[in-house]
Amino acid sequence: MDDCLFCRIVRKELPADILYEDDKVLAFKDINPVAPHHLLIIPKEHIPSINEATPEHEETLGRMFTVAAKITRELGIDQQGYRAVVNTGKAAGQVVFHMHMHVVGGRKLTWPPG
């Protein structure tokens with residue numbers, strides 16, 4: 001998608017504070033953090049939301065979770081706890097329609113979130 005914000009970050013057309021990158025996923029710091037640690041993990045392939053996920057995406061979607069575990073260990077928040085969230089659709093708060101996982105931690109999180 002030429003005009004997708006996250007696709008443009010994947011193509012390095014827009015800057016991002018990248019924490020991790022491989023052939024399937026990219027992880028970078030959120031530009032509007034809601035906690036001391038707030039990152040986004042995205043598939044490099046344009047998948048608009050969970051609704052468009054197919055069996056062919058299973059490796060990539062699984063990688064998003066293993067990357068979350070790796071980065072939270074590196075940040076030192078794996079033991080204290082963090083939240084991994086994928087918003088799907090406007091009513092759920094999805095703003096960029098390129099699937100992404102928010103990983104939020106570094107402070108006590110409340111429930112329900114909003």
Side-chain angles (χ1 to χ4, degrees):
M1 302 288 297
D2 288 341
D3 60 343
C4 171
L5 175 68
F6 291 165
C7 287
R8 293 183 68 201
I9 290 172
V10 167
R11 292 190 307 263
K12 307 294 193 278
E13 295 172 2
L14 294 174
D17 190 350
I18 296 173
L19 300 171
Y20 178 89
E21 181 174 12
D22 66 23
D23 62 323
K24 300 279 185 195
V25 302
L26 181 70
F28 54 93
K29 292 182 180 180
D30 193 295
I31 61 169
N32 294 308
V34 298
H37 298 289
H38 185 173
L39 57 123
L40 301 175
I41 303 173
I42 66 170
K44 286 187 163 182
E45 177 184 348
H46 184 82
I47 306 168
S49 74
I50 290 175
N51 292 335
E52 290 77 26
T54 66
E56 289 77 28
H57 297 124
E58 288 179 12
E59 181 182 354
T60 299
L61 302 181
R63 179 87 49 88
M64 291 171 67
F65 282 92
T66 58
V67 168
K70 175 186 180 342
I71 294 172
T72 57
R73 278 191 303 274
E74 290 171 356
L75 294 173
I77 61 171
D78 58 317
Q79 296 303 306
Q80 73 184 60
Y82 58 92
R83 186 168 290 149
V85 176
V86 178
N87 298 321
T88 303
K90 288 182 182 181
Q94 186 177 7
V95 176
V96 177
F97 286 85
H98 181 125
M99 191 172 147
H100 54 285
M101 176 190 296
H102 292 264
V103 178
V104 180
R107 68 169 172 83
K108 183 161 175 49
L109 302 170
T110 60
W111 193 262

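Numbering of residues begins at 1 and proceeds along the displayed sequence.
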Next item on the list: Taking the six-membered ring for Trp and the single ring otherwise, decide whether the centroids of His100 and His102 are under 6.0 Å apart.
Entry: yes
Check: What distance separates Ile47 CD1 from Met99 CE, expressed to the nearest 0.5 Å?
Finding: 6.0 Å
Checklist line | Closest non-hydrogen atom pair between Asp78 and Arg73, with its separation | finding: OD2-CG, 3.3 Å
Check: Mind checking whether Phe6 and Leu61 sit in one hydrophobic cluster, side chains of I, L, V, M, F, W, Y counted as touching below 4.5 Å?
Finding: no
Check: Would Val67 end up clustered with Val86 when hydrophobic side chains under 4.5 Å apart are linked, directly or stepwise?
Finding: yes
Margin query: Hydrophobic clusters here meaning ILVMFWY residues chained together by side-chain heavy-atom distances under 4.5 Å, can you tell me if Val25 and Ile71 are in one?
Written below: yes
Next item on the list: Taking atom CD of Gln79 as the centre, report whether more than 12 heavy atoms of other residues, nucleotides or ligands fall under 6.0 Å from it.
Entry: no
Checklist line | Closest contact, heavy atoms only, Ile41 versus Ala27 | finding: CG1-CB, 3.9 Å
Margin query: Pairing donors with acceptors under 3.5 angstrom, does anything connect the side chains of Glu52 and His57?
Written below: no
Next item on the list: Can you see which heavy atom on Ala84 is nearest to which on Met101, and at what distance?
Entry: CB-SD, 3.9 Å
Check: Between the side chain of Arg107 and the main-chain N/O of Val34, is any donor-acceptor distance below 3.5 Å?
Finding: yes
Checklist line | Ala68 versus Val103, closest heavy-atom pair with distance | finding: CB-CG2, 4.0 Å
Notebook entry, point to check: Which distance, rounded to the nearest 0.5 Å, do you find between the CG of Leu5 and the CZ of Phe97?
Noted result: 13.0 Å
Item checked: Gap separating the CD atom of Glu45 from the NE2 atom of His98, nearest 0.5 angstrom -> 8.5 Å
Check: Is the distance between the ring centroids of His37 and Tyr82 under 6.0 Å?
Finding: no
Checklist line | Exceeds 12 heavy-atom contacts within 6.0 angstrom, atom NZ of Lys90 | finding: no
Margin query: Same cluster or not: Met64 versus Val85, using hydrophobic residues (I, L, V, M, F, W, Y) connected whenever any side-chain heavy atoms lie under 4.5 Å apart?
Written below: no
Next item on the list: Could you tell me the separation between the NE2 atom of His38 and the CZ atom of Phe28, rounded to the nearest 0.5 Å?
Entry: 9.5 Å
Check: Taking all atoms of both residues into account, what is the closest heavy-atom pair of Ile9 and Pro15, and its distance?
Finding: CG1-O, 4.5 Å
Margin query: Working to the nearest 0.5 angstrom, can you tell me the gap between Glu59 CD and Thr66 OG1?
Written below: 9.5 Å
Note to self: Treating Gln80 as the side-chain partner and Gly105 as the backbone partner, does any N or O pair qualify as donor plus acceptor under 3.5 Å?
What the structure shows: no
Next item on the list: Spell out, yes or no, whether Val96 and Leu39 are grouped together once hydrophobic residues are joined by side-chain heavy atoms under 4.5 Å, including indirect joins.
Entry: no
Check: Hey, is the main chain of Thr60 close enough, under 3.5 Å, to the side chain of Lys44 for a donor-acceptor pair?
Finding: no
